[in-house]
Undergrad: 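Input: one structure, supplied below.
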There are 2 protein chains.
Amino acid sequence: MIIVGELINASRKKIRNEIKEKNYDEIARVAKEQLANGADFIDVNAGIFVGQEEDYLKWLVKTVQENTDAPCCIDTPDPTALEAAIKVHKGSPMLNSISLESERYEKMIPVLRGTDMKVIALCMSDEGMPYTTSDRMKIADKLVNNLVQNNVKIENIFVDPLVQPIGSGDNLGVEFLNAVEQIHKEFEGIHTICGMSNISFGIPKRKFANQVFMIMAITKGLDSAIMNPNDRRMMANIIAAEMLAGKDQFCEKYMNAYREGIFDLENKQPEKA
Amino acid sequence: MIIVGELINASRKKIRNEIKEKNYDEIARVAKEQLANGADFIDVNAGIFVGQEEDYLKWLVKTVQENTDAPCCIDTPDPTALEAAIKVHKGSPMLNSISLESERYEKMIPVLRGTDMKVIALCMSDEGMPYTTSDRMKIADKLVNNLVQNNVKIENIFVDPLVQPIGSGDNLGVEFLNAVEQIHKEFEGIHTICGMSNISFGIPKRKFANQVFMIMAITKGLDSAIMNPNDRRMMANIIAAEMLAGKDQFCEKYMNAYREGIFDLENKQPEKA
């Protein structure tokens, strides 16, 4: 599983203040903690600071990379802020995100063309949000083919089929899951990614429902996630589900996780940040 | 989910003694507790008592049915004990089990033919245990077709594709899961069933791994299980996974379970029996 740690996002109240005050130590701590708990990329988002996004985003990239050896997932729809953040980024970042919405698409393609950057490809178009598997596949087909034609490697594309709340329709979980499966069938070597939390919007015990839905998505082939790596049960579920899905040779990661106490879930750790 | 409560089984030490001493109150208690926690059938097994199995099995059926309104799942390979137990059973039981092993098959068919009893159809033949999806499908195809030809209704057949330990091969989880999916595709209206615990044989944190594998199997279409209904997290996982799989209209069962406190998993209840 490729994990994008989602915590350094200005839409979260606590983090918003830390970013605003450029609290270097706290941002460094949250980055390091996510890395220690299994993140492969550290998402950085300063989208809430209109007019100052570029400045804050550059500062976030520098702060994360001075304190970890993880690449960032640069999370902005603003191409100016994006290019500025890419310039200060060491190594190859992930971009969050491109979609088929024409405004976003037109601005992102020149940034991506011919580079080795990874990109999250949202299944969204000018016609709005997708609901069925077929809605998602129509957008994914077009978006992936366009990216490949612009010299983006298939293994650098992370398709996000967009989770929709189960409370809005009994079948919305299945429509998403089947899209994950079909994307992997159609595009060998591609990745799928998503944030889980939207599935449980409007129902109780959201964290529990998200943890269960993650296992279901892995069963269908999901291989990446934008998530909180400090959620111990979610991480334990991922390690077990990947082992049971045949993606853990000789149960090695599972056994290591066991020895590290990752499955000792009864004594809940506080989840900081 | 159709749940067969597995606890009244003489291979379990505690229960063995209760059966041996015909401890009516304790067997009644274990039956009632399983029913209260969601069992649809109560498995009864006295297989360990050679020469006395028939007597004990009849007593178990009577004891369970005097204390619950649940049908039994009569668990024996011995056709004499089976027929005696069926005779004292009120309503239509489930039989555990038939397979393609010729000795077992020949003896079970006359008991089943033209009745309305449900039957667990094990994917096992004289050639031994199945490992691949295709091994399982070869046996399932033959077994299901034979049962149907003997006037067993498709909706009374519960195919058990046989879970094999992940420790014996990284792909053994996937081979099982794909069989579940394929059985439902090929035979409309059929059920699939299994016991989960074999998946985790030989690895640590077995209960946790079984709970995760259950969610994966539900994602592939599993609709019945032989299990301990007093395992609260397993039951919570089933309710959430079925809701997310689109099998819970308007999230009604999920919401009821929430109100009943079934998702309050932090204070672990002792699991009796």
Side-chain angles (χ1 to χ4, degrees), chain A residues 163 165-178 180-181 196 199-200 202-220 233 236-252 254-255 257-259 261-268, chain B residues 163 165-178 180-181 196 199-200 202-220 233 236-252 254-255 257-259 261-268:
Chain A
V163 170
I166 192 79
S168 307
D170 295 338
N171 226 33
L172 290 180
V174 172
E175 296 290 344
F176 168 86
L177 293 171
N178 289 344
V180 170
E181 187 171 42
M196 281 294 147
I199 192 71
S200 59
I203 61 167
K205 293 285 171 183
R206 292 192 63 175
K207 201 169 156 181
F208 169 66
N210 299 344
Q211 288 160 348
V212 170
F213 198 58
M214 175 66 88
I215 295 168
M216 299 174 80
I218 291 171
T219 310
K220 292 292 205 165
R233 185 169 286 274
N237 283 356
I238 289 170
I239 293 163
E242 292 213 298
M243 181 265 292
L244 295 166
K247 291 183 170 179
D248 179 11
Q249 212 183 3
F250 307 126
C251 309
E252 197 184 332
Y254 183 88
M255 291 305 299
Y258 166 67
R259 283 184 208 107
I262 287 172
F263 302 138
D264 299 333
L265 296 160
E266 300 314 328
N267 301 319
K268 264 185 81 178
Chain B
V163 170
I166 192 79
S168 308
D170 295 338
N171 226 31
L172 290 179
V174 172
E175 296 289 344
F176 169 86
L177 293 171
N178 289 344
V180 169
E181 188 171 42
M196 280 296 147
I199 192 70
S200 59
I203 61 168
K205 293 284 172 184
R206 293 193 63 175
K207 203 169 154 181
F208 170 66
N210 299 344
Q211 289 161 347
V212 170
F213 199 59
M214 175 66 88
I215 295 168
M216 299 175 80
I218 290 171
T219 309
K220 291 292 206 167
R233 185 168 286 273
N237 282 356
I238 289 170
I239 293 164
E242 292 213 296
M243 183 265 292
L244 295 166
K247 292 183 169 179
D248 179 11
Q249 211 182 4
F250 306 126
C251 308
E252 198 184 332
Y254 183 88
M255 292 305 298
Y258 166 66
R259 285 184 207 106
I262 287 173
F263 301 139
D264 299 334
L265 295 161
E266 299 315 327
N267 301 317
K268 264 186 81 182

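Sequence lines set the chain letters: A, B, ... in the order given, protein chains first and strands last, and positions in each chain run from 1. When reading the values below, keep in mind they use all heavy atoms of this one structure, side chains included, and skip hydrogens, waters and symmetry mates.
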Undergrad: Heavy-atom distance under 4.5 Å to chain B: side chain of A/Glu181, backbone, both or neither?
TA: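 A/Glu181 touches chain B through side-chain heavy atoms alone.
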
Undergrad: Apply side-chain contact (heavy atoms from CB on, under 4.5 Å) to residues A/Phe263 and A/Ile239 and explain how you reach the verdict.
TA: CA-CA 10 Å; A/Phe263 302 138; A/Ile239 293 163; 3.8 Å; yes

Undergrad: Of all of B/Ser200, B/Ala209, B/Ala241, which one pairs up most often with chain A through heavy atoms under 4.5 Å apart?
TA: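 Option with the greatest count: B/Ala241.
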
Undergrad: For A/Tyr254, is it the side chain, the backbone, both or neither that has a heavy atom under 4.5 Å from a heavy atom of chain B?
TA: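 Only the side chain of A/Tyr254 comes within 4.5 Å of chain B.
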
Undergrad: Test A/Phe176 against A/Leu172 for side-chain contact (heavy atoms from CB on, under 4.5 Å), laying out the working first.
TA: CA-CA 6 Å; A/Phe176 168 86; A/Leu172 290 180; over 6 Å; no

Undergrad: Quick check on A/Ile199 against chain B: is it the side chain, the backbone, both or neither that has a heavy atom closer than 4.5 Å?
TA: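 Answer is side chain: those atoms of A/Ile199 sit under 4.5 Å from chain B.
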
Undergrad: For A/Lys220, is it the side chain, the backbone, both or neither that has a heavy atom under 4.5 Å from a heavy atom of chain B?
TA: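 Looking at A/Lys220, just its side chain touches chain B.
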
Undergrad: What closest approach, in Å, do A/Gln249 and B/Asp170 show between heavy atoms, and which atom pair accounts for it?
TA: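 Shortest heavy-atom contact: CA-OD2, 3.1 Å.
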
Undergrad: If you count heavy-atom pairs under 4.5 Å with chain B, which of A/Gly167, A/Ala245, A/Gly169 comes out on top?
TA: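 So the answer, after comparing A/Gly167, A/Ala245, A/Gly169, is A/Ala245.
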
Undergrad: Sort A/Ile203 into side chain, backbone, both or neither according to what part of it lies under 4.5 angstrom from a heavy atom of chain B.
TA: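 It is the side chain, since no backbone atom gets that close.
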
Undergrad: Is A/Ala236 in contact with chain B via its backbone, its side chain, both, or neither, using a 4.5 Å heavy-atom distance?
TA: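 Its backbone and side chain both get close to chain B.
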
Undergrad: Kindly write out the residues that satisfy ring pair (Phe, Tyr, Trp, His ring centres under 6.0 Å) with B/Tyr258, not counting sequence neighbours, or none if the list is empty.
TA: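 Once residues adjacent in sequence are excluded, B/Tyr258 has no partner under the ring pair (Phe, Tyr, Trp, His ring centres under 6.0 Å) criterion.
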
Undergrad: So B/Phe208 and B/Val212, side-chain contact (heavy atoms from CB on, under 4.5 Å) or not? Walk me through it.
TA: CA-CA 6 Å; B/Phe208 170 66; B/Val212 170; 3.9 Å; yes

Undergrad: Using a cut-off of under 4.5 Å for heavy-atom pairs, which of B/Ile215, B/Leu177, B/Asn171 has the most such pairs with chain A?
TA: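 Looking at each of B/Ile215, B/Leu177, B/Asn171 in turn, B/Ile215 comes out on top.
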
Undergrad: Measure the spacing between CE of B/Met214 and CZ of B/Arg233 and express it to the nearest 0.5 Å.
TA: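 Interatomic distance, B/Met214 CE to B/Arg233 CZ, rounded to 0.5 Å: 14.0 Å.
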
Undergrad: Checking A/Phe213 against chain B: side chain, backbone, both or neither under 4.5 Å from a heavy atom?
TA: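 Its backbone and side chain both get close to chain B.
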
Undergrad: Is there a side-chain contact between B/Phe250 and B/Met255, using heavy atoms and a 4.5 Å cut-off?
TA: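 They are not in side-chain contact.
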
Undergrad: Are any of the side-chain nitrogens in A/Asp264 or B/Lys205 under 4.0 Å away from the carboxylate oxygens of its partner?
TA: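 Yes, charged N to carboxylate O under 4.0 Å.
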
Undergrad: Only pairs of heavy atoms separated by less than 4.5 Å count here; which of A/Asn237, A/Asp248, A/Ile166, A/Ile218 has the most with chain B?
TA: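 Looking at each option in turn, the highest pair count goes to A/Ile166.
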
